[in-house]
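Along the sequence shown, the residues carry numbers beginning at 1. This is a predicted model, so every value here is computed, not measured.
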Amino acid sequence: MTSVYDSERLAAAYAFDRPPVHPQILRSARLAERADQALDVGCGAGLSTAALAPLARRVTGLEPVPAMLAHRRTVAPHARFVIGQAERLPFAAGSFDLVTAAGSLNYADLPSALAEIARVLNRDGTFLLYDFSVGRRSVSGGTLAAWFASFEQRFPSPAGWQPLDVRELPVDGYGLRLIDYTDVETRLPIGFDAYLRYMLSEVNVDHAIARGAYSAEQARDWCRSTLEAVFAGGDVTVIIPGYVATLARTAN
């Protein structure tokens with residue numbers, strides 16, 4: 001089945017038009033030391049892989065959709081990238097002392113993916129499972145939230161994404177244990193043009209364009225004209241809620 005992420009347009013948008021949230025969230029992770037080998041499962045265009053540079057000496061990004069890696073050398077020039085799936089990681093057991101997954105397991109078969117992550121972690125390895133929502137609210141009232149509600153009505157999300165709460169998962173059954181869970185709220189000042197590009201990079205917009213509901217120009221024109229009032233006073237500080245969970249292998 002074709003993935004909604006199998007899109008040259010979306011690959012470029014994810015590479016160049018997304019706000020720098022990954023580094024902000026990863027700063028909240030409680031890691032004892034820098035890892036030697038890190039694996040980023042479901043790395044997309046590579047932004048989450050690039051964010052691992054301060055945390056690991058060598059980084060590998062794994063992505064199931066080849067099209068998403070079109071700009072990997074620009075986004076994360078020092079990383080290695082591999083095509084593969086979370087449910088069947090193409091690595092030997094104990095290969096990594098750090099594994100991360102940023103929102104990618106919402107599309108995976110969880111039992112298989114979590115068991116595979118536990119397998120490729122070494123004995124003392126750490127698994128960082130994290131995610132964040134789209135920036136739909138601001139610190140200055142409800143104007144942005146009201147706009148985002150109309151945006152979601154016009155551009156509905158495609159099927160495929162499943163909610164995930166690691167605190168409710170029986171992770172011990174997959175060879176993992178939850179050590180820590182932290183809610184993270186990132187606040188980013190964003191200008192009109194940057195937020196416009198950010199919204200046009202959303203998968204629901206690309207999906208609407210791909211199925212012919214709107215042209216790229218129509219989607220851009222609607223977002224631009226309706227966002228002008230939101231940004232009439234200048235930059236807006238956008239609130240992006242997220243979390244980071246720290247897991248480790250269970251003792252054998």
Side-chain angles (χ1 to χ4, degrees), residues 2-29 31 34-110 112-122 125-132 160-161 164 166 176 201-203 206 242-247:
T2 302
S3 168
V4 293
Y5 289 94
D6 191 4
S7 162
E8 293 181 5
R9 178 188 174 278
L10 197 62
Y14 262 60
F16 305 117
D17 297 332
R18 309 290 283 181
V21 183
H22 293 281
Q24 302 276 357
I25 291 190
L26 287 171
R27 288 191 192 104
S28 301
L31 297 177
R34 194 180 189 203
D36 182 43
Q37 295 275 3
L39 171 66
D40 180 23
V41 177
C43 65
L47 289 182
S48 53
T49 312
L52 291 178
L55 305 182
R57 295 175 184 86
R58 284 165 286 191
V59 179
T60 299
L62 178 118
E63 171 57 36
V65 183
M68 286 299 291
L69 294 175
H71 306 282
R72 64 192 184 282
R73 293 302 172 204
T74 301
V75 174
H78 302 297
R80 177 173 73 116
F81 290 91
V82 175
I83 301 297
Q85 295 180 321
E87 298 88 347
R88 293 181 292 277
L89 295 176
F91 308 105
S95 296
F96 301 96
D97 43 352
L98 176 63
V99 175
T100 62
S104 58
L105 297 192
N106 297 82
Y107 296 91
D109 177 76
L110 275 175
S112 298
L114 292 172
E116 278 290 273
I117 288 168
R119 182 184 66 81
V120 302
L121 271 179
N122 64 30
T126 300
F127 172 35
L128 296 180
L129 176 63
Y130 71 98
D131 201 3
F132 50 90
W161 183 91
L164 184 160
V166 66
L176 297 165
S201 76
E202 284 293 291
V203 67
D206 188 76
Y243 73 89
V244 57
T246 304
L247 300 95

Colleague: Compare all side-chain heavy atoms of L164 with those of L129 and state whether any distance is below 4.5 angstrom.
Modeller: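 The answer is yes, as the side chains (C-beta and beyond) meet within the 4.5 Å cut-off.
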Colleague: Tell me whether Q85 contacts the main-chain N or O of P64 through its side chain, where contact means a donor paired with an acceptor under 3.5 Å.
Modeller: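 No, because the side chain of Q85 does not come within donor-acceptor range (under 3.5 Å) of the backbone of P64.
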Colleague: Any heavy-atom pair between the side chains of V203 and W161 that's under 4.5 Å?
Modeller: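 Not touching, per the 4.5 Å side-chain cut-off.
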Colleague: Hey, are the side chains of V244 and D131 touching, using non-hydrogen atoms and a 4.5 Å cut-off?
Modeller: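 A side-chain contact under 4.5 Å is absent here.
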Colleague: Quick check: do L69 and I83 have side-chain heavy atoms less than 4.5 Å from each other?
Modeller: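 Counting from C-beta outward, L69 and I83 do come under 4.5 Å.
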Colleague: Give the minimum heavy-atom separation between P54 and R34, together with the two atoms involved.
Modeller: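 It is O-NE, 3.6 Å.
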Colleague: To the nearest 0.5 Å, how far apart are OG1 in T60 and CD in Q37?
Modeller: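 T60 atom OG1 to Q37 atom CD measures 6.0 Å (nearest 0.5 Å).
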Colleague: Please determine whether side-chain contact (heavy atoms from CB on, under 4.5 Å) holds for the pair F127 and T246, giving the CA-CA distance in whole Å, both sets of side-chain angles, and the decisive distance to 0.1 Å.
Modeller: CA-CA 6 Å; F127 172 35; T246 304; over 6 Å; no
Colleague: Nearest 0.5 Å please: distance from the CG atom of D36 over to the CZ atom of R58.
Modeller: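 It comes to 4.0 Å.
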Colleague: Considering non-hydrogen atoms only, spot the tightest contact between I25 and G242 and give its length.
Modeller: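 Shortest heavy-atom separation between I25 and G242 comes out as CD1-CA, 4.4 Å.
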Colleague: State the CG-CZ distance between L114 and R119, to the nearest 0.5 angstrom.
Modeller: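 Separation between the atoms: 13.5 Å.
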Colleague: Please report the interatomic distance CG(L121) to CG(L247), rounded to the nearest 0.5 Å.
Modeller: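 If I round to the nearest 0.5 Å, the distance is 9.0 Å.
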Colleague: Where do A76 and G46 come nearest, in terms of heavy atoms and distance?
Modeller: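 Taking A76 first and G46 second, the nearest heavy atoms are CB-O, 4.0 Å.
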Colleague: Taking the side chain as every heavy atom from C-beta outward, state whether V41 and V99 have any atom pair closer than 4.5 Å.
Modeller: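 Yes; the side chains approach each other to less than 4.5 Å.
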Colleague: Measuring only between side-chain heavy atoms, which start at C-beta, is F81 closer than 4.5 Å to R73?
Modeller: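 A side-chain contact exists here, since the closest heavy-atom pair is under 4.5 Å.
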Colleague: Test side-chain contact (heavy atoms from CB on, under 4.5 Å) on D206 and V4 and set out the steps.
Modeller: CA-CA 8 Å; D206 188 76; V4 293; over 6 Å; no
Colleague: How close do E63 and G42 get, counting heavy atoms only, and between which atoms?
Modeller: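 Closest heavy-atom pair between E63 and G42: OE1-C, 3.6 Å.
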Colleague: Quick check: closest heavy atoms across S7 and L10, and the distance to 0.1 Å?
Modeller: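 In terms of heavy atoms, the two residues are closest at OG-N, 3.0 Å.
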Colleague: Tell me if the centroids of the rings in Y5 and Y107 come within less than 6.0 Å of each other.
Modeller: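 Yes, the ring of Y5 comes within the 6.0 Å limit of the ring of Y107, centre to centre.
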Colleague: Looking at every non-hydrogen atom in both residues, tell me the closest pair between S201 and A13 and how far apart they are.
Modeller: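 The answer is CB-CB, 3.4 Å.
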Colleague: With a 4.5 Å cut-off on side-chain heavy atoms, are L128 and T126 touching?
Modeller: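 T126 vs L128: side chains touch.
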Colleague: Measuring from T49:OG1 to R72:CZ, what's the distance to the nearest 0.5 Å?
Modeller: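 Between atom OG1 of T49 and atom CZ of R72 there are 11.5 Å.
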Colleague: Begin with the C-alpha distance, continue with both residues' side-chain angles, and end with the deciding distance and a verdict on side-chain contact (heavy atoms from CB on, under 4.5 Å) for L98 and T100.
Modeller: CA-CA 7 Å; L98 176 63; T100 62; 4.3 Å; yes
Colleague: In Å, rounded to the nearest 0.5 Å, how long is the span from CZ of R18 to CG of L47?
Modeller: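 Those atoms lie 8.5 Å apart.
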Colleague: Whether the H22 and Y130 side chains hold a donor-acceptor pair (N or O, under 3.5 Å, no angle test) is what I'd like checked.
Modeller: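 Distance-only check passes for H22 and Y130.
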Colleague: Would you say the side chain of P90 lies within less than 4.5 Å of the side chain of L62, judging by non-hydrogen atoms?
Modeller: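 L62 reaches P90 side chain to side chain.
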Colleague: Ignoring hydrogens and geometry, is there a side-chain-to-backbone donor-acceptor pair from S95 to A92 under 3.5 Å?
Modeller: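 Pair found, side chain donor or acceptor close to backbone of A92.
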